[in-house]
Structure formats: C-alpha cells, structure tokens
Amino acid sequence: MGGEELDFVKDAFEKNWIAPVGPHISDFEKELSNISENYNVAAVSSGTSAIHLALLLLSVQPGDEVICSTFTFAASANPIKYIGATPVFVDSENETWNMCPKMLEKAITDRINNHKKPKAIIIVHLYGMPANIDEIVKIANNYSIPIIEDAAEALGSKYFDQQLGTFGVFGVYSFNGNKIITTSSGGALLSKQINLIDKAKFLATQARDEAPHYQHSNIGYNYRMSNVCASIGLGQIKVLKERVNRKRYINDYYKKKLAHIPFISFLEERKFCKSNFWLTTIVLSAESTIDKEKFRLFMEKNNIEVRPLWKPMHLQPIYKDSPSYINGVSEDLFNRGLCLPSGTNMKIHDLERVIKCINHLYEI
Ligand SMILES: *Cc1c(COP(=O)(O)O)cnc(C)c1O
C-alpha cells in the first residue's frame, strides 16, 4: 500500500458507504479519467467483468467470432466464452511480444472468406509493453472491426505519450492484487463514448429500469466496484507514478547487471513507447545450456520465485480446438522465457541476491 489508503477506507466506513454505490466510486473514476485522456470510466469488480461488459456492449452474440491475442492470461479470452462466442487466437510479433499485425490481417481475411467477419478484436499489452497500436488500429479500421484494449497489465504505460487503453472503442484495466496498483480486486472499463459507459454502469448494477418497483427489461450483472475497494483505489492512484518509476528502475537494474551474460535477453521498449515494466521478463537464448525449467528450479532452490511467461491460449487444453493463426513466436517465448521477481518493495540487496544467484547458475 502507498500510505493513504486506510484514510480513504476510514472515510468510507465513517460515511457508511459499504456497498457497490458511494462517492468514492465516482471519485476513483474521475482520478482514472484524469490519467486516461479524460475518457469516461466505469469502475467494476474486475478486469474480467470489464471485458465481458465490453463484449456485451459491442453486441457480440452466441456463435460470433472474436479475435484475441493468444499470448495472454486466460481472463482476456474467457469472457468470449461466457457469451457463447468463439475466440480466434492470433500470435505475437517478436518486437513487442504482442499481437502481430500481419497475422491479424491474415486472420481477418481468412475468417471473412470463411463467411464470418469477427465482431471485435481484443488486443493485449502484455507485461505492460505497448502493442503495435498504429498498425493494428489501421487494420481494424480498414475492416471496421472495433478494438477492445486489454490494458489490465498496462496502467501507466504509454504510446506516444498517450495512456494505453485509450486507443480502442473500449479499454480495460485491472486492479487485482497482483497488478501495478490494486483495489484488492477490481477493474475499470473506459471509452471515449459516454453512452457506452453509462450503459456499462447500468448493466453492471443489475440493469434496473427507472421505476419505483424493481423492473427489468435487460439481463443485468452484479459487476460494480464496491465503494470500499474504490477507497483503496483512491490511495493507490496517488502512488501510480512512483510505482511505474520503481518498476522501470528494477527493469533497468536487471538489464545493466545481467548484460554480461550472453544467454539472457530482455524485452525492450521501442523509442516512442513507455512500458510500466509490470514484470521484468527475460528470454534465454537457444544456445543457453540451461533451459527455462532448470533456471527456475535453481532459483527456487535458492528461495527465489521465477515464473514461466504466460502459456499461450492456443496451447491451453480448454482452447486447443479454437481457430488460431500461429507463427511460432508465442510458443517460442513460452519455451524460453521467464519473469524475474519485480515487486516494487524489493530493495537493492534483494535485486542483488537475484543477480548473484543467476551468476552462480551460469558459473560467472
Ligand atoms: C489480470 C488480467 C486480467 C483480468 O483482470 P482481473 O481483474 O484479475 O479479472 C485480464 N487480462 C490480463 C492480461 C490480465 O493480466
């Protein structure tokens, strides 16, 4: 926590706003809007529910197809299944690890030739790294397919000085406990179009019509953020900049201190992009005699947790039969890539312990 969260929580308690309604929710939405090009924001219960709402608001129907990055966490794709639609997975490019524009265009034209135009494209900014937005937006516009930006891991990341999540029809943030800032659990849906966000808030609060009694002409959801969670968010948003700076410092520290090991490479940001480096990720070169599992186990023996990169969706048992447009990039990253400990509360001596252990592993 940053320090001021408990004051906001106390305020919520004192005013007795212990519900999924209350002033801290709209205050938190305003704060998020301030850092997101003044877009309209709906604070919701999770990033997953925000993606579900985005799909509902784009009128995705059972049997429709939705394109999604394959290299991601399952929550990017699962809401497609909630609707009874079919995810179509698209592989990554080497440069950003995110959706490859060439593969995207291939997927769109192939689906159209299959008599099924995709209803939406979910692009993910994995590990906080901005995707190839210009190219992807151009392609999506050419075919008039709306974009949902899954920026769950990318709050504080920028593309030409513009916050990620503001390039598509919808953007999604997550405030789950593992993200760069947290409300314990929570998320946000954002859009330039206020009518879409108003509708999202309506659907997220059980879709109650205006009437003195409880009347419903739509299926609603219980997806609104709790006022207590929003009060935590008000404290957390104050330290977002500091957290991003620290994540970037940690990434830079690892990069400099591990530069002498030729078998390790890092995911680098392009000049006009700024990643929040939510996690510092490495790839072991094909020439490395130590594979990713040997690396992980050695670190684990030394009480340091190192995790494999996300396992691509097209390789997941649940999604193995989904249509996929694959070039081998995400599978290769999964086979050779790892996340290093990246917590913002790590001290220099913690980072040095990780680095020393990696040096031992390579006997340097
Ligand atoms: C965390 C995450 C989500 C889901 O967010 P929740 O708030 O945990 O539901 C979606 N996509 C990605 C890429 C994530 O990392």
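Here the structure is a predicted model, which means the values were calculated and not measured. In each ligand, atom 1 is the first atom listed, and ligand 1 is the first ligand listed.
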- Between Q206 and H216, does any side-chain donor sit less than 3.5 Å from a side-chain acceptor?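 No pair is found: no donor N or O on one side chain lies under 3.5 Å from an acceptor on the other.
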- Query: Any luck finding a side-chain donor-acceptor pair between Y325 and E105 under 3.5 Å?
  - Reply: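 Result is no, nothing qualifies.
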- Query: Roughly how far, to the nearest 0.5 Å, is the NZ atom of K192 from the CG atom of N38?
  - Reply: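 NZ of K192 is found 10.5 Å from CG of N38.
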- Linking Ile, Leu, Val, Met, Phe, Trp and Tyr through side-chain heavy atoms less than 4.5 Å apart, which residues share a cluster with W17?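 Under the 4.5 Å side-chain rule, W17 groups with V21.
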- Would you check ligand 1 and list the protein residues that come within less than 4.0 Å of it by any heavy atom, ordered by chain and number?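 Correct list: S46, G47, T48, T72, F73, A75, S76, V124, D150, A152, E153, S174, N176, K179, G186.
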- Does F89 have its ring centroid less than 6.0 Å away from the ring centroid of H314?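 No; H314 has its ring centre 6.0 Å or more from that of F89.
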- Message: I'd like to know whether the aromatic ring centres of F28 and F175 sit less than 6.0 Å apart in this structure.
- Response: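 Ring-ring flag for F28/F175: true, centres closer than 6.0 Å.
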